[in-house]
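Quick notes on the structure that follows.
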Amino acid sequence: MLQRSEDREMFQPNSEKSYGLMEVVDGTSVMVEKAPEDTVFSWPHLVMLEIAWAMVVIILLHVISTYFNAPLEEIADASLTPNPAKAPWYFLGLQEMVSWTSPFWGGILIPGILVVLLLLVPFVDRRLVGVGHWFARERWVANTLWTVFAVGTITVILIGLYCRGPNWHFYWPWQDWPKTH
Amino acid sequence: MLPRERNSRRAIATLLQIPRNIWCALFREGYPGYPDTDLKRSTLITGNVFLHLHPVKIRRHALKLHYTFCLGGTAFLLFLILTLTGVMLMFYYHPSVPKAYYDMEDLEHIVNFGLLLRNLHRWSAHGMVAIVFLHMCRVFYTGSYKPPREMNWVVGVGLLLLTLMLSFTGYLLPWDQLAFWAITVGTNIANAAPLVGSKMRFLLLGGNIVGPNALLRFYVLHCVVLPLLIGVLMAIHFWKVRKDGGISGPL
Ligand code: HEM
């Protein structure tokens, strides 16, 4: 039987009994061998939160877009190669690896292996421990490996963005680049 | 109590009630049709095609902001914003050389709010790449990819790659120096793949150099093919979140 909160019955205590029915608990499924459900309705709890958050994000984007302009350089010119020519920031990791090794190793093989490893994650790490907690202590190996991956990804991107000058030489952000033609 | 005192109290109470009354009148709380029973709260979700993405009830744990940080939802929101601003940009944009670049200049200097429109699209796109990455980190650090959610992680990797490809194809469209050389660098890497590399690059660019054909191909990929693909994958992703028992939580 489904019990909705609006047709919940109220039971008057009977003065002749030493026991009584206290409450019929809400539930949308049979509660055999289950703890009391710890659920709330999506409306309004979740939907309102989503709407509020969407408004914050939209306002934030408008503020950013008011003060910072998308870049637009000179019209494309195949005969005028900028030095250095940089990939979009999310591919700077690739470009970085290519500069250390070769286009095949850094641009195809290593990224390909990384994607395959990424796909294999849930099929390798299947032990049901630490689900639902941030940085569960039992999962320290997995968490450490992932942190190395994430920090590495971000580091190569930052190097590519701020520390690569003409001919892909390394310069600190505060160092001047030598003059090129 | 003196009648005058009672009146002034009532006046203050009325004043204090004003925000609440406005709120209720706006959102129809307490009015007929307001979902104030469990049955109505349920049918509001199941009877609306957009809200129907949600389950009717969710675990209290899933609501906690410090668990998901709304990252997946924010990625989806940014995708919606990108679709909206992207369609509006399409009204002003010709995927041809050199018109594409001049359209960018027009957006900046002539079209009303054109610069804002372009900025919104640009920053949302960068934001989406970053947010999707952070979402993936959240899923990892909370162990949310473990059984039964393995397949949704795999779908997620597909979403990550599609997000990167969308961003990359969009990068060429302004047809400025930044766009041209970034895509030249990027597609040169594809060249290095054994056997198929140069063929793939030729297919992607519609030639051997980044030229008008490449611009048209990137445009079609960016505005039609990839958004459709990512839309399908997102539908599967959200559906699987629910089939796998909702957002993960303590076991
Ligand atoms: C366009 C990109 C993506 C969108 C729009 C998206 C959206 C979402 C949303 C809305 C949720 C619900 C929970 C939450 O907000 O955190 C979710 C959960 C999930 N996502 Fe994504 N996601 C994307 C990319 C990814 C990626 C890159 C991965 C991993 C490689 C991933 C793996 C998962 C998994 C495993 C869940 C279930 C988590 C749980 O049950 O706690 N998703 N996603």
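Note that the coordinates shown come from a computational prediction; the quantities given were computed from them, not determined experimentally. Labels below follow one simple rule: chain letters A, B, ... track the order of the sequence lines, proteins then strands, and each chain is numbered from 1.
- Residues B/F168 and A/W89 keep their aromatic ring centres 6.0 Å or farther apart.
- In this structure, chain A has a heavy atom under 4.5 Å from the side chain of B/L44, while its backbone stays farther away.
- Contact count against chain A (heavy-atom pairs under 4.5 Å) is highest for B/H54 among B/E108, B/M136, B/H54, B/M104.
- Note on B/V154, B/L116, B/V56: by heavy-atom pairs under 4.5 Å with chain A, the leading option is B/V56.
- For B/A193, the parts lying under 4.5 angstrom from a heavy atom of chain A are both the backbone and the side chain.
- No donor-acceptor distance shorter than 3.5 angstrom exists from the side chain of A/W146 to the backbone of B/F140, with no hydrogens or angles considered.
- Between chain A and the options B/P35, B/A62, B/G211, heavy-atom pairs under 4.5 Å are most frequent for B/P35.
- B/L164 touches chain A through backbone and side chain together, each having a heavy atom under 4.5 Å away.
- In this structure, the separation between CG on B/L63 and CG on A/L49 is 6.5 Å, given to the nearest 0.5 Å.
- For chain A, the nearby parts of B/S167 are the backbone and the side chain; heavy atoms of each come within less than 4.5 Å.
- Of the atoms belonging to B/I209, not a single heavy atom falls under 4.5 Å from chain A.
- Between B/Y141 and the options A/F135, A/W140, A/F149, a ring pair (Phe, Tyr, Trp, His ring centres under 6.0 Å) holds for only A/F135.
- Residue B/L80: no heavy atom, backbone or side chain, is found under 4.5 Å from chain A.
- Within the 3.5 Å criterion, the main-chain N or O of A/R127 finds a donor-acceptor partner in the side chain of B/K146.
- The greatest number of non-hydrogen atom pairs below 4.5 Å with chain A, out of B/C137, B/S144, B/P98, is found for B/C137.
- The contact between B/L115 and chain A is made entirely by side chain atoms (from C-beta outward), counting heavy-atom distances below 4.5 Å.
- In this structure, the separation between CG on A/L72 and CZ on B/R122 is 8.5 Å, given to the nearest 0.5 Å.
- Contacts between B/I45 and chain A at a heavy-atom distance below 4.5 Å involve the side chain alone, from C-beta outward.
- Listed options B/H61, B/R149, B/H126 were ranked by heavy-atom pairs under 4.5 angstrom with chain A; first place goes to B/H126.
- Of the atoms belonging to B/L117, not a single heavy atom falls under 4.5 Å from chain A.
- Between chain A and the options B/V129, B/I183, B/L120, the largest number of non-hydrogen pairs under 4.5 Å is found for B/L120.
- Interface residue B/W175: backbone and side-chain heavy atoms are both found under 4.5 Å from chain A.
- Under the 3.5 Å distance criterion, the side-chain polar atoms of A/W43 are left unmatched by any main-chain donor or acceptor of B/K40.
- In this structure, CG on B/L77 lies 12.0 Å from CE on A/M55, to the nearest 0.5 angstrom.
- Between the side chain of A/S42 and the backbone N or O of B/P55, at least one donor-acceptor pair lies under 3.5 Å.
- Between the side chain of A/E74 and the main chain of B/D176, no donor-acceptor pair closer than 3.5 Å is present.
- A/W53 and B/T74 form a side-chain donor-acceptor contact under 3.5 Å, judged by distance and modelled atom types alone.
- The distance between the ring centers of A/Y67 and B/W123 does not fall below 6.0 angstrom.
- The two residues B/Y67 and A/H133 have their closest heavy-atom pair at CE1-N, 4.4 Å.
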